[in-house]
Visitor: 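Have a look at this one.
The chains referred to below are lettered A, B, ... by the order of the sequence lines, with proteins before strands, and numbering in each begins at 1.
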There are 4 protein chains.
Amino acid sequence: MTKTVGHSKANRNARNKVARNTPADNKTARKKPKFLRRGPDRRRQIIAAASELFARNGFEGTSIRDIAAASGVLSGSLYYHFPSKEDLLFTVHQESLTAMRNEVETAIAGISEPWKRLDEAIAAHCRILLGGRVTRAILTPPRYYNLRGVRKLVRQRDDYEQIFANLIDDLPLKPDCDRQAFRLSMLGAMNWTVFWFSAGGRLSVDEVGRQIALMVRGAAKDAPSKK
Amino acid sequence: MTKTVGHSKANRNARNKVARNTPADNKTARKKPKFLRRGPDRRRQIIAAASELFARNGFEGTSIRDIAAASGVLSGSLYYHFPSKEDLLFTVHQESLTAMRNEVETAIAGISEPWKRLDEAIAAHCRILLGGRVTRAILTPPRYYNLRGVRKLVRQRDDYEQIFANLIDDLPLKPDCDRQAFRLSMLGAMNWTVFWFSAGGRLSVDEVGRQIALMVRGAAKDAPSKK
Amino acid sequence: MTKTVGHSKANRNARNKVARNTPADNKTARKKPKFLRRGPDRRRQIIAAASELFARNGFEGTSIRDIAAASGVLSGSLYYHFPSKEDLLFTVHQESLTAMRNEVETAIAGISEPWKRLDEAIAAHCRILLGGRVTRAILTPPRYYNLRGVRKLVRQRDDYEQIFANLIDDLPLKPDCDRQAFRLSMLGAMNWTVFWFSAGGRLSVDEVGRQIALMVRGAAKDAPSKK
Amino acid sequence: MTKTVGHSKANRNARNKVARNTPADNKTARKKPKFLRRGPDRRRQIIAAASELFARNGFEGTSIRDIAAASGVLSGSLYYHFPSKEDLLFTVHQESLTAMRNEVETAIAGISEPWKRLDEAIAAHCRILLGGRVTRAILTPPRYYNLRGVRKLVRQRDDYEQIFANLIDDLPLKPDCDRQAFRLSMLGAMNWTVFWFSAGGRLSVDEVGRQIALMVRGAAKDAPSKK
DNA sequence: TATGAATGAGTCTTCATTCAT
DNA sequence: CATGAATGAAGACTCATTCAT
């Protein structure tokens, strides 16, 4: 009944080093820039490849070799950069959430009208989500990984979603509207788009965001339409 | 070092009937209850177990052995009932969709007011979804299976969702509201609940449905509140 | 390095019963002819089906279920008639060899000229071999089965081939011709036909036999020797 | 009860070089000689082991684990060198055919008398066949593999056998001798030797070849025909 | 840093065999 | 006699991971 995941001896000990490997500190950790290293950053390449593959095929559906191939490396080499597949997932997550946070915070900066702020946040969230640069795993944190890892993951995600919680707190909503349910439903509507949106289809990314914002307005006390 | 997969503990409660047959007590309980679980019940048991596991862990995240163990059989025995894991998934899908269709159609039968019909449909969808009897896989058809199989799957799901399309067609919506986007967003809000709803939490299943219905009302031309 | 074949508990004990199950004594062993039993003889049906399948796909390439299906039974039922797959093979063998022996002995009966006798024996051997009623396994006794079984098999085959040894003994051959090598090469030429002969092709079964007889004549005393 | 597969004992002598790496002594000999068997030799070792095992036990009768064990590797490692068992078979085939072609072409080079050329070709074919370095599978292409693969196999084999067709074309044969049947029967006589020849027996490899050549001469124009 | 090669546990699946009915 | 259902060992293959070079 207990499923084991891999045989990752290095998981615990090695994770510490990398887990907080934000873009910030791999700038400092870079040593001996040999002439052999192509591209500006192998590590970035790997993250990008992993991000896309995880998003497309899921965590279990993506093999380390897939990621390696997409990064132009052999699978063994990945382990120089990341101690385990799970760690790579965590990093991808973190990067994704950071990117989303940036996008959303930038989008709402300087706007004060509450509904307008929400509109922009929704638009930003959809924009980055459907841009294909973030991982589907963000959205569906697999509950079955070892707990330590997932807790961190979930905490990060919750931190990000707190932005929306704050936005919603500022909204005048009908009294029987539960703000938590509202937030989660709204995020659901947005996140779900990854399963049906297709680039180049009838609806543009922007239009998708606009429609969700439109739908969500309804909970307002007086259901005001956008002006 | 082997990592354990978290939820393994949580499995117990959901499987009391079957749990007796785990490898652990094989040694003592063997041989006697073999023929007791015969008949078409076995098939149902397997479908139920698979449904739950697929829902919790995804298709790739669920092993045939997991399903077998949860059904009180050995892995080889599954193949007496289903020709392949994929086939099992398809069956689970079909059953899930049939169950959902029944629940929803029953719920809206005899109701004529369009918004009320939608309310009931939402409630029914959430009810069955969060009852744990349907598979997350319905919701996120993995694109990478063999195409023939998936096409069938997607067609079935689309057939089901057509119910909602029809419901929405009858709704008086604001002119700038795209009915397709509306439907997909609404389904997203509902389907996403499987990722955050927890039974016994603050919100009941019914309340969740009510809140989604509430949110969604906003897109109405005049945003009428429930009476 | 040691491969186990199945988990056939019943092999030894049960084999005794069946191993000498010639057509002769299953006529006596037949009891209670219920109205349910279709066809003259289930047992024969199974042997026929097995014979053809072994011949076409080899021993490992044929599953008990294949044989069962081809006999109109379920796999479990085969075990009423034969204690194991290997035993079935042995029976098939025996039947094949008996059939071949009959065919060959009939063909040469009443002929006295040694070369003519050989011609007829070759023709008969090819006839029955290419008639599809005997198993390829006769020809290539897999050396890796449990020794007891194979030894019996090989003995049977050698008994049959003794007919040819006798035929050859009567032949006036060149002094440097080794009669054993002659026999084995000739049998090789004949047996190999199963790998290339195709019914309905340019050459008839009879013609194939004739050509082999023709080729083989070369070893005659008065054939031209190497210079 | 588990049956052992006979020849397992006979494996030892043929595998002395590698046998050290069997599971048995893994415990003591581990970790040290890992990198010693690197390089393209591994590939050769695997091909050699596979060739022998396929020849002895057939394709279905040989497990990937058998081959791995005989190569001093674990089964998973084979897949680093060959993408599939079938692919390994194809490679073994190709190597075998190449080896045979070389041997035969070398043997007949510089000889002009047609019968003498055939004698040498037969000798060469038998020599390499009975040297144990080629696979029985060459000879009996199992018809049930995926068609694409088998077709390639068969084509290769036919290419090789074309050498003999050419040789035979130069032969003055009796008018009623079918040259195709002659070739196939002759090849049958040769190929069949793998089923009866035993090294160290009464007949040497060379003698076997000589005897087949002798037998085959019968089809010569001036050999005595049937009366 | 990267790679080639290996590892070993795990995956899905097949199959000979058993046995209660 | 036949069947439906199960068993469990083995099969081919995958994959995260390791490590000497």
Side-chain angles (χ1 to χ4, degrees), chain A residues 3-11 31-34 36-37 42 60 62-66 68 72-81 83-86 88, chain B residues 2 30-31 34-39 42-43 60 63-66 68 72-81 83-86, chain C residues 3-11 31-34 36-37 42 60 62-66 68 72-81 83-86 88, chain D residues 2 26 30-31 34-39 42-43 60 62-66 68 72-81 83-86:
Chain A
K3 212 175 27 167
T4 68
V5 168
H7 17 242
S8 43
K9 265 162 198 132
N11 265 345
K31 290 161 200 168
K32 30 179 180 164
K34 294 256 179 71
L36 278 171
R37 198 171 343 91
R42 231 333 107 76
E60 283 99 346
T62 302
S63 83
I64 277 283
R65 271 177 177 84
D66 291 341
V73 208
L74 286 196
S75 68
S77 312
L78 281 195
Y79 286 81
Y80 178 84
H81 302 281
S84 80
K85 191 187 175 190
E86 250 178 76
L88 179 50
Chain B
T2 17
R30 268 260 199 81
K31 211 148 256 177
K34 222 191 273 185
F35 59 90
L36 286 177
R37 254 187 273 284
R38 280 281 186 69
R42 235 327 115 77
R43 209 186 132 88
E60 283 99 346
S63 84
I64 271 290
R65 266 181 180 83
D66 291 341
V73 206
L74 288 194
S75 66
S77 311
L78 281 196
Y79 287 80
Y80 181 81
H81 301 279
S84 77
K85 191 187 175 190
E86 245 179 77
Chain C
K3 212 175 28 167
T4 68
V5 166
H7 18 243
S8 43
K9 263 159 200 137
N11 265 345
K31 291 162 202 166
K32 30 179 181 165
K34 293 256 180 70
L36 278 173
R37 199 172 342 94
R42 235 328 110 77
E60 283 99 346
T62 303
S63 83
I64 276 283
R65 271 177 177 86
D66 291 341
V73 207
L74 286 195
S75 68
S77 312
L78 280 196
Y79 285 80
Y80 178 83
H81 302 281
S84 78
K85 190 189 176 189
E86 249 179 76
L88 180 49
Chain D
T2 19
N26 256 351
R30 267 260 201 79
K31 212 147 252 171
K34 223 191 272 185
F35 59 90
L36 286 177
R37 253 187 276 284
R38 281 283 187 69
R42 235 327 115 79
R43 209 184 132 88
E60 283 99 345
T62 303
S63 83
I64 272 290
R65 266 181 180 84
D66 291 341
V73 206
L74 288 193
S75 67
S77 311
L78 280 196
Y79 287 83
Y80 181 80
H81 301 278
S84 77
K85 191 188 174 189
E86 244 179 79

Visitor: Kindly give the heavy-atom pair with the smallest separation between C/I64 and C/S75, and that separation in Å.
Guide: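 That closest heavy-atom pairing would be CG2-CB, 3.9 Å.
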
Visitor: What is the separation between atom OH on C/Y80 and atom C1' on F/dG4, rounded to the nearest whole Å?
Guide: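 Interatomic distance, OH of C/Y80 to C1' of F/dG4: 19 Å.
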
Visitor: Both D/G76 and A/S75 contact DNA chain F. Which one's nearest nucleotide lies toward the 5' end?
Guide: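 Nearest nucleotide further toward 5': that of D/G76.
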
Visitor: Given F/dC13, E/dT17, E/dA2, identify the nucleotide with an atom nearest to the side chain of A/H81.
Guide: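 So the nucleotide nearest the side chain must be E/dA2.
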
Visitor: Between E/dT13 atom P and D/E60 atom CD, what is the distance in whole Å?
Guide: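 Roughly 20 Å, once rounded to whole Å.
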
Visitor: In this structure, which stretches of DNA chain E are paired as stems of three or more consecutive Watson-Crick or G-U pairs, both distances less than 3.5 Å?
Guide: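 So far as stems of 3 or more pairs are concerned, DNA chain E shows E:2-21 with F:2-21.
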
Visitor: Of all the nucleotides listed (E/dA6, E/dT3, E/dC12), which has the minimum atom distance to the side chain of A/V73?
Guide: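 Nearest to the side-chain atoms of A/V73, counting from C-beta on, is E/dT3.
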
Visitor: If each of D/S77 and C/S77 is mapped to the nucleotide of DNA chain E with the nearest heavy atom, which maps nearer the 5' terminus, i.e. the 5' end?
Guide: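 Closer to the 5' end of DNA chain E: D/S77.
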
Visitor: Taking the side chain of C/I64 as its heavy atoms from C-beta onward, which of F/dG11, E/dA16, F/dA2 lies nearest to it?
Guide: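 Out of F/dG11, E/dA16, F/dA2, the nucleotide with an atom closest to C/I64's side chain is E/dA16.
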
Visitor: Just to verify, what does A/S63 make a side-chain hydrogen bond (donor to acceptor under 3.5 Å, both in side chains) with, not counting sequence neighbours?
Guide: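 A/S63 satisfies side-chain hydrogen bond (donor to acceptor under 3.5 Å, both in side chains) with A/D66 once adjacent residues are dropped.
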
Visitor: Heavy atoms only: give me the nearest A/S77-A/H81 pair and the separation to one decimal.
Guide: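 Closest approach of A/S77 to A/H81, heavy atoms only: O-CD2, 3.5 Å.
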
Visitor: Rounded to whole angstrom units, what separation is found between the CG atom of C/L88 and the C1' atom of E/dC15?
Guide: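 To the nearest whole Å, that distance equals 15 Å.
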
Visitor: DNA chain E: C/T62 or D/L78, which has the more 5' nearest nucleotide?
Guide: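 Residue closer to the 5' terminus by nearest nucleotide: D/L78.
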
Visitor: Nearest whole Å is fine: how far is E/dT11 C1' from B/D66 CG?
Guide: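 Whole-Å distance recorded here is 11 Å.
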
Visitor: For D/K85 versus D/T62, what's the shortest heavy-atom pair and its separation?
Guide: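 Taking D/K85 first and D/T62 second, the nearest heavy atoms are NZ-O, 2.8 Å.
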
Visitor: C/R42 side chain N/O closer than 4.0 Å to the phosphate oxygens (OP1, OP2) of F/dA2?
Guide: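 It does, given that an N or O in the side chain of C/R42 lies less than 4.0 Å from OP1 or OP2 of F/dA2.
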
Visitor: Taking only the side-chain heavy atoms of C/R65 (C-beta and beyond), determine which of E/dA16, F/dA2, F/dA5 contains the nearest atom.
Guide: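 Per side-chain heavy atoms of C/R65, the pick is E/dA16.
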
Visitor: Where the side chain of D/Y79 is concerned, which of F/dC13, E/dC12, E/dT17 is the nearest nucleotide?
Guide: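 So the side chain of D/Y79 is nearest to F/dC13.
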
Visitor: At 4.0 Å (heavy atoms only), tell me whether A/S63 reaches a base, stays on the sugar-phosphate, or touches nothing.
Guide: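 Here A/S63 touches the backbone only, sparing every base.
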
Visitor: Let me know the distance between CG of C/L74 and P of E/dT21, rounded to the nearest Å.
Guide: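 After rounding, the reported distance stands at 18 Å.
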
